[in-house]
Amino acid sequence: QVQLVESGGGLVQTGGSLRLSCAASESNLNLYVTGWYRQAPGSQRELVAIITSGGGTHYADLVKGRFTISRDNAKNTAYLQMNSLKPEDTAVYYCNFRHRISGADNWGQGTQVTVSS
């Protein structure tokens, strides 16, 4: 139902910052809970952060204090601000929109984040 286009990934040095964007083909983001997930080589896809339609946020322990999830309903876009990046943050990052009523998941195509040591 929802098309998601991610951008903002790339190669950065340890301690650097990136801002990931996820543009949605949906004008009413209040219908969805937004999450960012990541998957490193040889690992399972893991939750990084979520933001509810009411603005509540939750973060994985490994990114608390460094990452910030946000949404801009006027721009139909979700963001993940990533600061103080570490090599262990290297992964493909995916945005997810989950419909509050149906529970249906919508996934972005993924964007590569590589942090050099």
Side-chain angles (χ1 to χ4, degrees):
Q1 291 286 338
V2 180
Q3 305 298 314
L4 304 175
V5 179
E6 299 179 32
S7 61
L11 174 65
V12 298
Q13 294 178 314
T14 296
S17 298
L18 286 173
R19 189 189 193 194
L20 306 184
S21 299
C22 182
S25 63
E26 172 60 55
S27 60
N28 187 3
L29 298 191
N30 289 330
L31 295 173
Y32 299 89
V33 174
T34 300
W36 286 92
Y37 295 74
R38 67 186 183 187
Q39 186 168 13
S43 300
Q44 295 181 321
R45 188 173 299 186
E46 299 178 337
L47 177 68
V48 175
I50 58 173
I51 184 167
T52 68
S53 59
T57 58
H58 304 273
Y59 298 91
D61 288 343
L62 290 174
V63 306
K64 285 181 179 178
R66 299 189 297 119
F67 291 9
T68 303
I69 187 171
S70 62
R71 306 197 322 188
D72 187 335
N73 288 356
K75 297 181 178 179
N76 302 328
T77 302
Y79 303 95
L80 184 68
Q81 179 66 46
M82 310 166 67
N83 299 325
S84 302
L85 283 163
K86 306 174 181 179
E88 50 263 46
D89 295 318
T90 296
V92 177
Y93 284 71
Y94 301 88
C95 66
N96 171 272
F97 279 61
R98 178 170 295 160
H99 198 279
R100 294 172 58 204
I101 305 302
S102 72
D105 282 323
N106 302 272
W107 292 94
Q109 81 281 4
T111 184
Q112 176 71 47
V113 172
T114 303
V115 185
S116 62
S117 60

By side chain to side chain donor-acceptor pair (under 3.5 Å), Gln81 pairs with (sequence neighbours left out) Asn83
Hey, what do you get for OG1 (Thr34) to CG (Asn96), rounding to the nearest 0.5 Å? 8.0 Å
Side-chain touch Asn30/Arg71, heavy atoms, less than 4.5 angstrom: yes
Can you tell me how far apart CG (Leu85) and OG (Ser17) are? Round to the nearest 0.5 Å. 6.0 Å
If two hydrophobic side chains count as joined below 4.5 Å and joins carry through other members, does Trp107 share a cluster with Ile50? yes
What distance do Thr57 atom OG1 and Phe67 atom CZ have between them, rounded to the nearest 0.5 Å? 14.0 Å
Between NZ on residue Lys86 and OG on residue Ser117, distance to nearest 0.5 Å: 14.0 Å
Does Gln109 have more than 12 heavy atoms from other residues, nucleotides or ligands lying within 6.0 Å of its CD? yes
When you measure from the side chain of Thr90 to the backbone of Val115, do you find a donor-acceptor pair of N or O atoms at a distance under 3.5 Å? yes
With sequence neighbours excluded, give me every salt bridge (Lys or Arg N to Asp or Glu O under 4.0 Å) pair touching residues 6-15. none
Approximate separation, where rounding is to 0.5 Å, of Leu47 CG and Trp36 CH2: 12.5 Å
What salt bridge (Lys or Arg N to Asp or Glu O under 4.0 Å) pairs are there with at least one residue in residues 90-100, not counting sequence neighbours? Arg98-Asp105
Identify the two heavy atoms, one from Val113 and one from Gly9, that lie closest to each other, and give their separation to 0.1 Å. CG2-CA, 4.2 Å
State, yes or no, whether a side-chain contact exists between Asn28 and Glu26 at a heavy-atom distance under 4.5 Å. yes
Got a sec, which pairs hit disulfide bond (SG atoms under 2.5 Å apart) with one end in residues 47-87, sequence neighbours left out? none
Nearest atoms (heavy-atom pairs only) where Arg38 meets Ala91: CB-CB, 3.8 Å
With a 4.5 Å heavy-atom cut-off, do Tyr59 and Ile69 have their side chains touching? yes
Do the non-hydrogen side-chain atoms of Val48 and Met82 ever get within less than 4.5 Å of each other? no
Tracing side-chain links under 4.5 Å among I, L, V, M, F, W and Y, which residues wind up in one group with Leu4? Val2, Leu29, Leu31, Tyr32, Phe97
Are there over 12 heavy-atom neighbours, none belonging to Glu88, within less than 6.0 Å of that residue's CD? yes
Hydrophobic cluster membership, Leu18 vs Leu80, 4.5 Å side-chain cutoff: yes
Listed partners of Arg66 passing salt bridge (charged side-chain N to carboxylate O under 4.0 Å, His left out), at least two apart: Asp89
Determine whether Pro87 and Thr14 make a side-chain contact, defined as any pair of heavy atoms from C-beta on separated by less than 4.5 Å. yes
